[in-house]
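Below, chain A is the first sequence line, B the second, and so on; all start at residue 1.
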Amino acid sequence: MLGKIKQGLKKTRENVFSKLNNVFSAHKKIDEDLLEEIEEILITGDVGVDTTMEIIEHLRQQAKRQKAESPEDLQKILKEELSRQLLAPPEESVTHRPYVVLVVGVNGTGKTTSIAKLAHHYKQQGKNVLLAAADTFRAAAIEQLDIWAQRLGCEIIKHQPGADPAAVVFDALTAAKARNVDYVIIDTAGRLHTKVNLMSELSKIYRVIDKQIPGAPHEVILVIDAGNGQNAVNQAREFVKAVKVNSIFLTKLDGTARGGVVLSIKRQLGIPVKYIGLGEKMTDFELFNPQEFLEGLFAKE
Amino acid sequence: MLEELTSKLESTFRRLRGYGKLTEKNIADSLKEIRRALLEADVNYKVVKDFVASVQKKAVGEEVLRSVTPGQMIVKIVHDEMVRLLGGTTATLKTAGIPPTIIMLVGLQGSGKTTFAAKLAKYLQKKNRKPLLVAADVYRPAAIQQLKILGRSINVPVYEEGIGDPVKIAFNAISYARQHMLDTIILDTAGRLHIDEQMMEELVKIKKRIRPHEILFVADGMTGQDAVNTASQFAERLNFDGVVLTKMDGDARGGAALSIKAITGKPIKFMGVGEKLEDIEQFHPDRMASRILGMGDVVTLVEKA
Ligand SMILES: Nc1nc2c(ncn2[C@@H]2O[C@H](COP(=O)(O)OP(=O)(O)OP(=O)(O)O)[C@@H](O)[C@H]2O)c(=O)[nH]1
Ligand SMILES: Nc1nc2c(ncn2[C@@H]2O[C@H](COP(=O)(O)OP(=O)(O)OP(=O)(O)O)[C@@H](O)[C@H]2O)c(=O)[nH]1
Ligand SMILES: [Mg+2]
Ligand SMILES: [Mg+2]
């Protein structure tokens, strides 16, 4: 597992954190030059100006307070600070059945593919999974999920293109209860967080779920493309308002994008990353583990 | 956040306009804020650095310091410099001397290639062209079906061979277009990472085989700092001709536009501004400059000053 995440995040590590390591070893003492280079690396990792400035300020203060002298001391402080910021609350035990998962996000982030990954993950634990094709809008979205359902060997509830997504969800939950499935994962159409109508459609879906199975959805996952920059903070803010997002699925980390914006999202909205996507196959998936993530990120080659 | 930044910048400019005479100190302070705004807009770090340096050079020039309204001058310099960087004038599509014109779309996963293929077909159809959509994404589940549905909705034929060899599909599409008197081929390719050697090589092969008149790099308008890495890799391998910036109907400031243009030198030709097929716009450097700077309209700001 550690091997795989290291492999998948190799690019990220090489780009940001081996750079960070290089920076620390290239400097003899803690000075403004060093801080500026750290700042550059964080900003080019999409961490964002505010969060970066805060981290730098923290480094500056802690270095003084702890009387840090060598760049290695500073590196340790940085690592602790980042782990603290990325820490997710302990996993809740899954006691509901069906456990309803709603997947949301802006267009093209990887929702449908990530659903296939999640379903595969659950299936490997011997659970049965039902998929709900509630993206009735995008061309061939239903077919796409259907192909995944076939590959996974799981059930799917789908309607015609253009049908009311809330109706699909209603049918899916009815079927899930009748067939006693463990997980229901609901695919929704991509939508920009600025589209008021589409966001209220999502709230409506949420209410339909809650009405049919009180307390559900048990998990709302926001899918964020690691390539996105600071706009992802706006995305998260609006999706939280509409559907009470619990966690983030950070996709496309197999590229060179660093996904540093999740630091800002965590800091500003408290939503942790829980899953990561490392490719287009259903097995290109990892549970996010900040400790492991950082170990991997800071590992020297 | 957007409003906050806008107002921050506006106050910077207001302050600048207020200065009777500019000193290097107050120019430096203002440039710091401009730098921050650009970074918040996801303009690449290095691009920002160069941009700020070049504005500074112009701003401390004799011309500004001696002008009666130095503040106005700086506002104008920032805006003009950005417009210049973004491409100055509006860029258009190339067409073939002898049809069919071949347009190839490339980019990362989920950037909006397939949707843009259909948008472009519709756009050209309105200009009395006869487009053919070609399904060369044989990997993504239901990618072909997606293009077929989009094609049908605008009455544009779609050439496909199912899950075949993308190079052959692209090549065969040319004779299909000739036979059916279709004058513009729009090739949809699978999304891929710039570091995926095998997949990048596939694009190079397609390019060699069909010699497109125009290769467009389709990029998500919400892209962050990584835009420069992906764009430069695609440019290096394919020497594409232009850029399409999608999903600009949201509140992304679109700093990627500046980064991509600055790094590759390729003009941005279109913007995607929605999921519907009519949601396509030509790219206007001046409007984009204002958007990145986070101002409704810099020009009116200058005029008000
Ligand atoms: N490299 C890489 N590609 C991914 C990953 N996750 C998804 N993709 C690709 O990204 C593209 C978009 O994925 P989808 O799952 O269709 O995204 P979506 O959010 O459902 O898109 P819409 O429903 O249109 O909003 C596809 O080409 C996927 O194969 C990932 O972790 N890494
Ligand atoms: N809001 C908005 N959505 C867009 C725009 N362009 C594309 N989309 C949406 O973005 C998602 C991805 O678009 P696609 O056209 O499938 O992207 P692609 O690049 O072909 O994806 P792959 O083939 O998987 O690499 C879909 O949900 C589209 O509807 C745009 O300009 N605005
Ligand atoms: Mg989808
Ligand atoms: Mg596509």
Scored by heavy-atom pairs under 4.5 Å with chain B, the best of A/Gly260, A/Pro161, A/Gly227 is A/Gly227
Which heavy-atom pair separates B/Tyr45 from A/Glu40 by the least distance, and what is that distance?
CE2-CG, 3.1 Å
Between B/Met222, B/Arg140, B/Lys148, B/Lys49, which shows the greatest number of heavy-atom pairs under 4.5 Å with chain A?
B/Met222
Residue B/Gln109 versus chain A: region with a heavy atom under 4.5 Å:
both
Bottom line for B/Asp196: the part with an atom under 4.5 Å from chain A's heavy atoms is neither
Within a radius of less than 6.0 Å around NZ of B/Lys266, do more than 12 heavy atoms belonging to other residues, nucleotides or ligands occur?
yes
Just give me the residue among A/Leu192, A/Thr112, A/Asn228 that pairs up with chain B most often, heavy atom to heavy atom, under 4.5 Å.
A/Asn228
Region of A/Val106 that comes under 4.5 Å of a non-hydrogen atom in chain B:
side chain
About how many Å separate CG of B/Asp249 and CG of A/Asn107, when rounded to the nearest 0.5 Å?
7.5 Å
Steps toward side chain to side chain contact (heavy atoms under 4.5 Å, CB included) verdict (A/Ile43, B/Gln225):
CA-CA 8 Å; A/Ile43 286 179; B/Gln225 297 285 322; 4.3 Å; yes
Over all atoms of both residues, closest heavy-atom pair of A/Asp254 and B/Ile195:
O-CD1, 3.3 Å
Under 3.5 Å donor-acceptor, A/Lys252 side chain and B/Leu108 backbone:
no
Could you look at B/Arg192 and say if it's the side chain, the backbone, both or neither that has a heavy atom under 4.5 Å from chain A?
neither
Any chance CD of A/Glu36 has more than 12 other-residue heavy atoms, nucleotides or ligands included, within less than 6.0 Å?
no
Would you call B/Asp42 and A/Asp46 a side-chain contact if the rule is heavy atoms closer than 4.5 Å?
yes
Per-residue contacts, residues 141-155 of chain A versus chain B, heavy atoms under 4.5 Å
A/Glu143, A/Gln144, A/Ile147, A/Trp148, A/Arg151
Looking at A/Arg138, A/Gln235, A/His193, A/Lys195, which one has more heavy-atom pairs under 4.5 Å with chain B than the rest?
A/Arg138
Applying a strict 4.5 Å limit to non-hydrogen atoms, the region of B/Glu275 in contact with chain A is side chain
Beyond-backbone contact of A/Gln230 with B/Leu39, side-chain heavy atoms, under 4.5 angstrom
no
